[in-house]
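Order of listing sets the numbers, starting from 1, for every ligand and every atom in it. Numbers here simply count residues along the sequence, with the first being 1. Since we're looking at a predicted model, the values are computed, not measured.
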Amino acid sequence: MLNRKDLLGIKDLDVDEIMTILHLAQEMKQKIDDKSLRQKDLEYKSLITLFYENSTRTKVSFNMAGLYQGMDVTDLGVATSSVQKGESLVDTAITLDKMGIDCMVIRHENSGAPGLIAKNVKASVINAGDGINEHPTQALLDFMTIYEKKGSFKGLNVTIVGDINHSRVARSNAFGLKKLGANVTFAGAGTLLSRSMEVTGAKVMYNVADAVRGADVVMGLRIQMERQNGGTFPSLREYSQIYGIDTDVFALADSEAILMHPAPVNRGVELSPELIDSSVSVIDEQVTNGVAVRMAILSLLMKK
Ligand code: CP
């Protein structure tokens, strides 16, 4: 059980809470493939998604996670809602709260937006990604995938490569993996990775090959053009030559290393297509685990 109303960030969770979510997610995963195991445990509970930024994986997997447990699921449809008439974030959330919604899943371009809503509504609020702050459910599905593949976090070397400064995924992963006992290294171009990112507990390196050498887990990240003004590298071709991960770079990692990416992936930019489609990649498993982790989170928050 999680003794909290909301899930806003990995920074707030302790190791017991993270492991509770991961263990329940492993049970939930069986229900994705085997419909006979599904029960309507959350029947009469309602879920609404409010996505002020685009999404495929997070939004649909929350929908499916709710539906697989019998929840009533709906989407605000921000583009066609009264948000377009100027209604504020908090007024929108309070309006939905008064309709009796039990759980609000929010993605917003502003860091802190889900936290602001959580203070103003009775419903449970889940952060589905806020600005450059956190993406806790992505990190939890990443932890689940690492746990499945490696069996433990203690002493694992996890290297995260890419646009770290603009990445809520990098921040949530670093906060959680450090608590779980892993060593985290951030690597990338100086324009996309500031020394200040060491506050997350991660080591900062600017040579990708050196950062990947001996790693147990290598995670690529997309360049988040939607959160920057450009001018951070000369061209995509040069970026991929210097900072992209291909089979030669990945060969420097541990012989049992796995390749991860939160996706969407820009093939041929941060990761080479051959590597994405190779046996070291667990990107598809991350997607499936995303549904399982979100089922577990909904169950734990709704039954508290
Ligand atoms: N990884 C992730 O958050 O993907 P979406 O933007 O498709 O939800």
Side-chain angles (χ1 to χ4, degrees), residues 7-11 21-22 25 29 32 47-68 73-79 103-111 113-114 125-146 148 158 160-177 186 188 192 217-228 245 258-267 269-271 276 281-298:
L7 177 60
L8 300 175
I10 297 292
K11 215 174 186 177
I21 294 168
L22 300 193
K29 192 170 177 178
I32 298 171
L47 166 74
I48 188 162
T49 48
L50 297 85
F51 275 60
Y52 289 75
E53 285 187 336
N54 297 337
S55 169
T56 297
R57 278 148 284 272
T58 313
K59 186 160 129 177
V60 177
S61 62
F62 264 114
N63 284 338
M64 300 320 295
L67 291 169
Y68 289 163
V73 177
T74 189
D75 176 55
L76 175 64
V78 170
C103 183
M104 299 184 192
V105 177
I106 297 150
R107 172 170 288 188
H108 201 280
E109 63 271 24
N110 292 340
S111 301
V125 174
I126 301 176
N127 179 2
D130 63 328
I132 58 167
N133 181 37
E134 284 228 39
H135 192 349
T137 62
Q138 176 67 47
L140 286 161
L141 76 88
D142 295 336
F143 303 161
M144 178 176 177
T145 309
I146 293 171
E148 279 181 347
V158 180
I160 305 178
V161 183
D163 180 3
I164 307 287
N165 281 351
H166 302 100
S167 176
R168 51 203 181 201
V169 176
R171 288 169 61 83
S172 288
N173 263 281
F175 291 141
L177 288 168
F186 287 155
L192 298 171
V217 177
V218 179
M219 185 185 298
L221 295 178
R222 186 173 60 86
I223 303 163
Q224 287 148 101
M225 302 307 284
E226 69 274 28
R227 277 190 272 284
Q228 55 165 286
I245 304 167
I258 55 171
L259 175 75
M260 302 179 73
H261 192 298
V265 185
N266 289 310
R267 284 176 174 260
V269 180
E270 62 268 23
L271 300 179
I276 296 167
S281 169
V282 296
I283 297 170
D284 289 346
E285 283 156 88
Q286 287 176 263
V287 173
T288 306
N289 288 345
V291 180
V293 151
R294 288 164 181 133
M295 287 174 78
I297 292 165
L298 290 175

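Using a 4.5 Å heavy-atom cutoff, the side chains of N289 and E148 are in contact. I10 places a side-chain heavy atom less than 4.5 Å from the side chain of L140. Looking at heavy atoms from C-beta onward, R57 lies out of side-chain contact with Q286 at the 4.5 angstrom threshold. Between T58 and R294, the closest side-chain pair of non-hydrogen atoms falls below 4.5 Å. Contact check for L8 versus E134: no side-chain heavy atoms found under the 4.5 Å cut-off.
With hydrogens left out, the protein atom closest to atom 4 (O) of ligand 1 is R57 NE, 3.2 Å, a heavy atom. For atom 6 (O) of ligand 1, the closest non-hydrogen atom on the protein side is R107 NH1, 2.9 Å.
Taking a cut-off of under 4.0 Å to the non-hydrogen atoms of T56, the atoms of ligand 1 that pass are 5 (P), 7 (O), 8 (O). Atom numbering of ligand 1 starts at 1 in the shown order; those under 4.0 Å from a heavy atom of P262 are 1 (N).
Heavy-atom distances between H135 and ligand 1 reach below 4.0 Å in at least one pair.
Taking only non-hydrogen atoms, the option from A128, G290, A263, S55 nearest to atom 1 (N) of ligand 1 is A263.
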